[in-house]
Amino acid sequence: MASLIHCPHCGVRPSQEFSIRGDASVVRPAPEASDEAWHEYVHIRSNPHGRHREHWQHVAGCRRGLVVERDTFTHDVFSVTDGAAVAREGGR
Amino acid sequence: MRYSAFSIVKNALSGNLDWKPAWRQPEPKPFYDVIIVGGGGHGLATAYYLAKEFGLKNIAVLEKGYLGSGNVGRNTTIVRSNYMLPGNEPFYEFSMKLWEGLEQDLNYNAMLSQRGVINLYHNNSQRDAYIRRGNAMWMEGVAAELLDRAALKKMLPFLNFDHARFPILGGLLQKRGGTARHDAVAWGYARAADRLGVDLIQNCEVTGIRRENGAVTGVETSKGFIGCGKMGLAAAGNTSRVGQMADLKLPIESHVLQAFVTEGLKPVIDHVITYGAGHFYISQSDKGGLVFGGEIDGYNSYAQRGNLATVEHVMEEGVSMIPGLSRVRVLRSWGGVMDMSMDGSPIISHTPIGNLYLNGGWCYGGFKATPASGWCFAHLIAKDETHPVARFLRLDRFARGYAIDERGAGPQPNLH
Ligand SMILES: Cc1cc2nc3c(=O)[nH]c(=O)nc-3n(C[C@H](O)[C@H](O)[C@H](O)COP(=O)(O)OP(=O)(O)OC[C@H]3O[C@@H](n4cnc5c(N)ncnc54)[C@H](O)[C@@H]3O)c2cc1C
Ligand SMILES: [Zn+2]
């Protein structure tokens with residue numbers, strides 16, 4: 001993967017400063033949602049070959065949550081966006 | 001031809017010109033009773049046991065590349081049965097027992113070397129955790145030994161015992177654990193399966209799974225449509241991709257793990273040693289190279305190559321455990337794509353689709369499982385019934401809340 005990541009707050013930083021939580025496409029269901037819905041949220045992943053949106057955190061920098069769009073085969077990074085900004089726009 | 005000392009002498013006398021290829025290169029037939037997708041260790045072992053133990057005849061293994069081009073030829077070859085949880089340990093011990101008779105059974109030298117696997121501990125709580133693990137192994141009838149610092153110093157004098165931050169206090173030893181030659185395991189199963197009439201079809205990528213009335217009827221491949229009665233998926237790191245062809249929803253992410261080998265040295269490391277202060281393990285191959293690896297890179301990946309940051313981290317761990325390693329030159333590094341499951345344990349299971357069976361989620365530990373995985377998967381496919389030692393490894397355990405989480409890390413694949 002790219003050695004340098006462009007954090008929207010800190011600029012270009014080494015990728016080791018970031019921690020990766022994983023798939024940003026799954027959505028937390030309502031507390032009273034069905035067992036099936038919770039199972040899918042907790043366990044099921046689409047695991048695509050290609051574009052993937054992920055939750056990252058810039059732990060050794062601004063400590064903001066980020067959404068990174070990346071290719072799981074070529075390892076190209078397409079975009080790094082502030083997590084809160086993405087959430088406000090209705091994305092995840 | 002059966003391999004034996006006699007066959008070696010006989011072929012030597014005729015200039016080694018009469019050896020036959022170890023397996024045929026058949027064209028696919030229009031229909032097979034059972035199709036196995038994936039010609040790695042697990043797919044080949046499954047086909048072999050289907051033919052040998054369960055008497056099935058019309059079987060094919062479809063492999064998109066060449067046999068053994070996946071993880072079976074990329075792993076660090078450690079075999080062991082030192083798991084803790086009751087869902088895992090009987091299964092891995094069944095595998096260990098099969099390893100012990102494998103070479104005779106296959107008539108192939110897999111170079112199984114039961115040199116002992118030692119897990120180091122660095123503090124009292126880690127020692128207690130290993131005592132607990134050792135006792136859990138004993139409860140399943142598997143021997144484990146706790147080594148103190150003095151015993152370890154005698155066996156492994158080159159370790160960094162007085163590390164300021166991570167002193168080495170002792171280790172847990174499974175004497176029967178060790179290594180096996182990974183390629184030879186693939187080739188041995190391939191040859192033995194071929195001799196029982198299994199068609200091993202290489203350069204045949206599965207691109208679609210055809211279904212009728214909720215049951216599979218065959219596969220679309222780069223060599224055309226092939227019909228089948230039953231189908232077993234054993235595609236390791238590509239499990240999600242082939243699963244998607246049948247709309248399976250799977251608790252799996254693909255991640256990359258790297259491994260390394262150094263220049264050849266005289267015998268220096270006699271065991272498999274794992275570090276307790278980080279994820280690092282090392283052994284010495286029969287050619288003399290030190291074979292080692294560490295943690296997965298930590299992000300979803302289908303690329304068979306890793307990140308330099310991880311390379312640096314693994315080297316640091318190695319030198320921290322064995323300072324002398326800093327003098328050795330690394331020859332090669334490589335990566336393999338693994339199917340990390342949500343609880344870190346594997347899946348051998350029915351699926352919601354008729355006649356479709358799943359083998360996957362092996363994470364970074366499936367090489368040691370190869371014989372038992374093949375056996376239990378063959379049992380499941382042939383009898384449509386779960387093998388008793390694989391009964392906890394079903395796909396529905398996630399929805400039912402029966403995860404088998406050795407590490408206690410929760411449903412987070414990059415932490416297992
Ligand atoms: C670096 C590394 C180190 C490891 N170290 C160890 C270790 O020390 N001990 C241990 O127990 N385990 C280890 N493992 C894990 C182990 O190698 C795997 O869990 C195991 O090999 C997976 O099963 P397999 O052999 O069947 O997989 P593979 O050999 O990967 O077989 C799967 C096959 O499916 C084929 N395939 C995929 N998609 C298709 C398709 N659409 N059509 C047709 N064919 C397809 C692939 O080409 C591949 O050949 C390690 C893994 C890696 C990457
Ligand atoms: Zn930042």
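Here the structure is a predicted model, which is why all the values come from computation and not from measurement. Chain A is the first sequence line, chain B the second, and so forth, proteins listed ahead of strands; every chain is numbered from 1.
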Next item on the list: Would you confirm whether the ring centroid of His75(A) sits within less than 6.0 angstrom of the ring centroid of Tyr299(B)?
Entry: yes
Notebook entry, point to check: Do Gln412(B) side-chain atoms and Arg21(A) backbone N/O form a donor-acceptor pair below 3.5 Å?
Noted result: yes
Margin query: Assess, by modelled atom type and distance only, whether the side chains of Asn300(B) and Thr72(A) contain a donor and an acceptor separated by less than 3.5 Å.
Written below: no
Check: So, for Val42(A) and Pro411(B), which heavy atoms are closest and what is the spacing to 0.1 Å?
Finding: CG1-CG, 3.5 Å
Note to self: Does Tyr402(B), at its OH atom, have more than 12 non-hydrogen atoms belonging to other residues, nucleotides or ligands within less than 6.0 Å?
What the structure shows: no
Item checked: Selection from Ser3(A), Pro48(A), Pro14(A) maximising heavy-atom pairs under 4.5 Å formed with chain B -> Pro48(A)
Next item on the list: Give the member of His43(A), His39(A), Glu54(A) that has the highest number of heavy-atom pairs under 4.5 Å with chain B.
Entry: His43(A)
Margin query: Please classify the contact of Leu308(B) with chain A as side chain, backbone, both or neither, using a heavy-atom distance under 4.5 Å.
Written below: neither
Notebook entry, point to check: Closest approach of Ser46(A) and Gln244(B), non-hydrogen atoms and distance?
Noted result: O-NE2, 4.4 Å
Margin query: Using side-chain heavy atoms (C-beta onward) and a distance below 4.5 Å, is Arg45(A) in contact with Met342(B)?
Written below: yes
Next item on the list: Using a cut-off of 6.0 Å, state whether more than 12 heavy atoms not belonging to Arg165(B) lie near its atom CZ.
Entry: no
Check: More than 12 heavy atoms of other residues, nucleotides or ligands under 6.0 Å from NZ of Lys223(B): is that the case?
Finding: yes
Item checked: Part of His52(A) within contact of chain B (heavy atom distance under 4.5 Å) -> side chain
Item checked: Short side-chain to backbone donor-acceptor contact, Asn47(A) and Ser254(B), under 3.5 Å -> yes
